[in-house]
Every structure is written in C-alpha cells, then in structure tokens.
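Step one of this worksheet: look at the structure below.
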Number of protein chains: 2
Amino acid sequence: MMDVARLAGVSHQTVSRVLNEHPNVSEPTRLKVRAAIAELGYRPNRTARALVTGTSKVIGVVAPNTALYGPASMLTAFEQAAQDSGFAVNVGSVRTLNERSIADAVERHLDQRVAGLVVIAPVAGAGPALARLPEDIPLVTIDGDPERASTLVTVDQVAGARAATEHLLAAGHSTVWHISGPADWFDAAGRVRGWQDALSAAGAEQPPLLTGDWSAESGYRNGKLLARLPEVTAVFTANDHIALGLLRALSEHGRRVPEEISIVGFDDVPQAAYYTPPLTTVRPDFDAVATAGVELLLAQIESGSPDLATRRTIAPTLITRDSVAPPPAR
Amino acid sequence: MMDVARLAGVSHQTVSRVLNEHPNVSEPTRLKVRAAIAELGYRPNRTARALVTGTSKVIGVVAPNTALYGPASMLTAFEQAAQDSGFAVNVGSVRTLNERSIADAVERHLDQRVAGLVVIAPVAGAGPALARLPEDIPLVTIDGDPERASTLVTVDQVAGARAATEHLLAAGHSTVWHISGPADWFDAAGRVRGWQDALSAAGAEQPPLLTGDWSAESGYRNGKLLARLPEVTAVFTANDHIALGLLRALSEHGRRVPEEISIVGFDDVPQAAYYTPPLTTVRPDFDAVATAGVELLLAQIESGSPDLATRRTIAPTLITRDSVAPPPAR
DNA sequence: GTAATTTGCGGGAGCGTTCCCAATCGGCCA
DNA sequence: TGGCCGATTGGGAACGCTCCCGCAAATTAC
C-alpha cells in the first residue's frame, strides 16, 4: 500500500480512501491512485483489513456433511448467492447432526471471524447449539425450528406436502399413504403435517405413518410392506429417493405404477424425470432459499443489529409427470 | 492476550509461546497461562495471526457449482479431511468451467490468503488458468490434466472403465457400447479410453461412441437410439445417471435389462442399488481422493516447496449387482 | 474583507498476533 | 570462584490496513 502511495505521490491514507470509495477524494487523485494500483498489481490484504475492522467479507455456512440432495444443493446455491454479493464462503460441515458437533462447527466459524452465519441444520438438536451463540453475530437459520425466535428461511414443507396429497386425492384416491423422512428433521415433520392436513381437510381416513430416513433403501423397505397391502393405491414419499426405492419394491412385487399405485415424491432431483415412470414430485426452489438467506444475512451485517427475527417462506411447486393416475376400478 | 498475560503474571510473549507449544516454557508457567486462558475464555485471534505469519489455516477449494454427484461428494469429503487436519475450507464455486471463471475463483481465494488450493476442475479449460498461478502457492489438482506437471490426485478412470467393459465381455457379450460424458472432461476421456483399451485387448469390435453430458436426459436420448439396434446387448455408461436415462428409454421400448441388454454404470450413486434393476457400477472412493489431496497439500504447505509434482491415483472398484447377464441366445 | 465552513489530504495510533533480540537466572566446568 | 552456557522470560517492532484527528486550501456567508 505504501508503494502505491509513493508511486501515486499521495499518502497511504489517501490510497485507503480510494480503496474504500470514500467520497472526499478528488477525481484527479483518485485516478492517479487507481493507475498506481493497476501498475503495481496491488491487491489489498484482506487479513489486515479484517484485523482492524474486526470483521471480514466471509460468511460461514454450517451444513450436514452428506450427499443428500437438499443440503448439497443449498450449499452450492449459497455459495453462489454470497459470491454475487462479494462475500466468500467458509464451509463447516457436520458429520452428525447433534448439538455437540453443530456447536463445534459454529465455534470454528467464530474463530475465523466470519461476518455472519448460515446454519442449515434442519433437526431439533440444532436449537440448543444456536441458543448459546453470542448475541451479536448475524445468523440465518435454514429450514430450522419454526418455534425458535430467529431469522429463518424455510421451504414451505407443509404447503408442498399438502399439494402433493391433494393432487393424489384429486386423482380419485380415497386416501394417501406417506413414507416420511427421519422424525427429528423439521423438513420431515412439516411434510407429515401437510399430508395430515390435506387428508383431514378432505375427510379422508389417515393410514398409519411409515417412517423412512431419506434413503432409497428406506423406501424399498417400506415398499415391500406396502406392496402386499391391496388397499394401497396412492403414496406420497418424503423425497424422491424414497420414491425410487418404493418404485423398485413395487416393481419386484409386480405392482404397476401408476396403473395400480400412484406416487408423488418431493425434491425434484434432476433424475426424477427419468425414473420409471417419470415421477410427479414437489420442487423446492433452493436458489430462492439461498438468495433470501443471503439477503437477510447481509441486512443484519449492514445494520449491525442481529436479531430481526424475520421469517421468509419459499413456496414449492408441484411438478406433474407420469406417476399419478386414477385408482384402479375395484 | 494482554489480559491473559496480566492474569497469569507473565508477558504477552509467554502467552504466545504457550499457545504455539513452544518448548522453552517451564511447566508451572505453562499451567498458569492455561488456567488464565480458561478462566477468561480467551480465544486467539486467527486474523491477527494470519496477518503476521502471512498465512492462515484455511485451504481454498475450487469446484464446479453443480449438483453433479462426483464434484459434490468430493467437496464434502474435502471439507471433512481438511477439518480433521485442523484446516478450515473456503469454497469458491464456479458456474461454468471455463478458463476465465476458474481464474476468477482462484483470485478470490488468493485474496483471502489461503494456505493452499485444491482445484476440482476436471476440464481442459482449467489448465491455462492454473498455469498462470503464482509459483509459490501450494496447489493440488483433482482429476486434472494428466499431461500437466502439477500435484495431482485422480481417480483411475481408465482402470475403472476397463473393469466395467471387461466385466461385460466376460459375461459373454461380443462387444460393448459406450455413452460417454462431455468430451472436454478428463474423467469422461479417461473412461472412453478404458473402454477402448478393454475392447481392443479382447479383440472386440469397437462400436461408434455415443456422447452424453452426465445427465439422465442424455442417457435417455442415446437410449432411444440404442433401443432400436438389435445388435446392442451391452452398454457401459459414463455415469449412473446416464444409465438411469438409458434404463428408462429401454423400458419404454420394451427391451428388458438385463435379459436383453446388460448395463454397467459409473459412480455408484447411493440410489444405484435401487434402480430397476439394481445397477452394476464402478465406485470411485471419494474419501480416499480427498484424504490424499489434503495430505499432499499439507505436505506442500509444511515444506514450503510447492511443486512436488507428485501423482496419486485412486483405484475404483467394480460393484456387481443385477444389471449384467449373458447376452440373449440368438 | 473577514470569519465560518467545507473539502482534500497527511500523520500517527492501534488492531492482536508473532518474531527478533536482549536480559536474567541457575548450574556447570575449569 | 569466575565466567560461560542453556533455559526461560520480557520488551519492542512489525505485519498491512483503517480510524481519529489535524491542518491547509478552497469555498461560502455575512
């Protein structure tokens, strides 16, 4: 910086002003400084800046360390959104979603002096870890506990699940079965609730809930059961991978989709259109979630006040393909 | 830090020594300092440390911004491996894999003063961007250009593809077709070569190469073609998603797998076991890649010498399931 | 025409560390 | 006993930037 100042014939202070776009610099000086910067290929040292300002242009993202489609998509979407706002992203992934490991990940980010924190930890265990956070750090929770008072961006799981269930009911099915995600995920709970809501709103009987864990394997396991129940004509699965496992189990038992059994998934993974049959599913808009999340976070960072407790809900859309048909005539 | 020093009755310098596990500190002093640290809940400021040492415990990862299974798995695996070595990860994703955007991502990382760089950019365009890198920054390339002189960790695409092709030939097929990935990806090129190698080693005729783009859609598109060719009895696809699209196309045309056509994929996505039929595929060990990558990077960081030009190749394994059978009798 | 702003710029301090160098204190060897 | 050596500790400088304050020149106001 001193070199630049010398070359431009000004003080280091003026260089700093040009860098930070301070208004009180005359045009000629500004140009001289810019020229010097370009000539020397000077790049400001963000570390030094972070030291003196006490903050950095980095946001920390805590995400589960998994190949799950949702979290993984979220992560890249976040990185992209942050990048567009001139922020870098520090990722601290978490092997297991318990309070302890989430707290550790948060600590690591705090050590790095991140300007704000995005926590994608859609399980109940995340709550306590977040509660013990220093008050003054900007924080946005993604798909977190709807009951907790914090800035929250969430996919409207309930609405999505309701749409899926209603779609099946509208096709003529008397009721809809559900294979859920893990019970401690808010996403899973919301989808269960939307399913229940739609069912009771339609006055349909509510079949027992089958529990999965997002994996195709769990869809397969539950599918072996469902395949043997002749009264099952419609199933809503908590995600597309469960639906895939279900499809396979049904195919093994010779039950045809959608002629005998209709299925709706959730997530719209890129492959869903190429399942056999192509899967009707619910598509959450991860980019919108990420954009909203970064927006809320930056608002907090800029204002300096962390606890806006704003909510933002992203509505998913139903994508209809070929896995839904009217129930077979009795 | 001054507070800690005061409380422990030593100088700031001694506190620093304790923090950095410098040998020349007497046991009593060390304990006093540790006690003071604990009592005050003091946490060292990594920013200040980074400023004075000129480096940080952060590594930058450049990865394509995609939900592609390979890169996404790689990314989380890297984060995990880095974490285990006490490093944080800064991710700079890249929307499009061209020279310009890769160079930008690298610049952003350099701005952040990362200690080292991992580039997951398995396309030809990455080369020039990497060539213009400052010489003194530790760098590990993943699945990069085998021709470039740089530290490189790569999945042995050729061996994997050869194993897949040989497996099909061993089942009795006279030849094997291939749907490749995008031509500019090294991964795709390697898989093509392995396929060709196995074919010519067996003296089998080499069918025309079909080109895909990793997507299920491209598998479907090429599948519609293959389904109409009665002589096709075995197909090796560049990844599992292509295989999924192919499965769907074949199913639409009433061609059964594996009775009429055998298929082998690549990647072993978690869902592959639940395709219809369960897919025989090649599994690359992403964790091993990440571990090796971080290891090589840390070696460079510690030694201070960047260009070891070491290579590390990770051998993938063939996972046999139900999508391969002998060809139908003529 | 003089005083009161405003504008443009520079000097110096300080952010929280680590590194270099010096100083003190025993113990040991001759 | 005296000086030398290693072990331990402390004092300052420096890393590269931003912020606070001050000062000169230019502008405006009366």
Each base of DNA chain D marked ( ) or [ ] if paired in-strand (Watson-Crick or G-U under 3.5 Å), | if paired to another strand and . if unpaired gives ||||||||||||||||||||||||||||||
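Residue-to-nucleotide proximity on DNA chain D shows that, of A/N20 and B/S26, the 5′-proximal contact is made by B/S26.
Remark: B/R113 pairs with no residue by the side-chain hydrogen bond (donor to acceptor under 3.5 Å, both in side chains) rule, at least two apart or across chains. In terms of the side-chain hydrogen bond (donor to acceptor under 3.5 Å, both in side chains) criterion, B/S73 has no residue partners (sequence neighbours excluded). Partners of B/F186 by ring pair (Phe, Tyr, Trp, His ring centres under 6.0 Å), not counting sequence neighbours: none found. Under the side chain to side chain contact (heavy atoms under 4.5 Å, CB included) criterion, B/E295 pairs with B/R312, not counting sequence neighbours. For A/Y69, the ring pair (Phe, Tyr, Trp, His ring centres under 6.0 Å) criterion is met by A/F286, not counting sequence neighbours. Checked against side-chain hydrogen bond (donor to acceptor under 3.5 Å, both in side chains), B/D285 has no partners two or more places apart in sequence or in another chain.
One atom, CE of B/M1, and another, C1' of C/dT18, lie 8 Å apart when rounded to the nearest Å. Remark: P of C/dC20 and NE2 of B/H22 are 11 Å apart, rounded to the nearest angstrom. Counting to the nearest Å, the P atom of C/dG10 and the CG atom of A/N24 are 13 Å from each other.
B/N45 comes within contact range of the sugar-phosphate backbone alone, with a heavy-atom separation under 4.0 Å but no base atom that close.
Residue pairs meeting the side chain to side chain donor-acceptor pair (under 3.5 Å) criterion with at least one member in residues 47-62 of chain B, sequence neighbours excluded, are B/N45-B/T47.
Of the residues B/T154, B/V289, B/D143, the one that meets the side-chain contact (heavy atoms from CB on, under 4.5 Å) test with B/I314 is B/V289. Results of the side-chain contact (heavy atoms from CB on, under 4.5 Å) test with A/F78 over A/V140, A/T291, A/V91, A/I142 single out A/I142 as the only residue that passes.
No side-chain heavy atom of A/I59 sits less than 4.5 Å from a side-chain heavy atom of A/V114. Side-chain contact between A/L110 and A/L117 is present, with at least one heavy-atom pair separated by less than 4.5 Å.
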Would B/S101 and B/D104 satisfy side-chain hydrogen bond (donor to acceptor under 3.5 Å, both in side chains), going step by step from the backbone distance to the final call? CA-CA 5 Å; B/S101 59; B/D104 283 354; over 6 Å; no
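In 5' to 3' order, the nucleotides of DNA chain D bounding all contacts with chain A (an atom under 4.0 Å from a heavy atom) are D/dG16 to D/dC20.
Contact check of residues 3-17 of chain B against DNA chain C (heavy atom, cut-off under 4.0 Å) returns B/H12, B/Q13, B/S16. Of the residues in residues 52-60 of chain B, those placing a heavy atom less than 4.0 Å from an atom of DNA chain D are B/V52, in numerical order. DNA chain D is contacted by B/T29 of residues 27-43 of chain B, taking any non-hydrogen atom closer than 4.0 Å.
The pair B/R132-B/E99 counts as a salt bridge, with a side-chain nitrogen and a carboxylate oxygen less than 4.0 angstrom apart. Ion pairing of B/D3 with B/R6 is present here, as a side-chain N (NZ or NE/NH1/NH2) and a carboxylate O approach within less than 4.0 Å.
The backbone N or O of B/V25 sits less than 3.5 Å from a side-chain atom of B/R30, completing a donor-acceptor pair.
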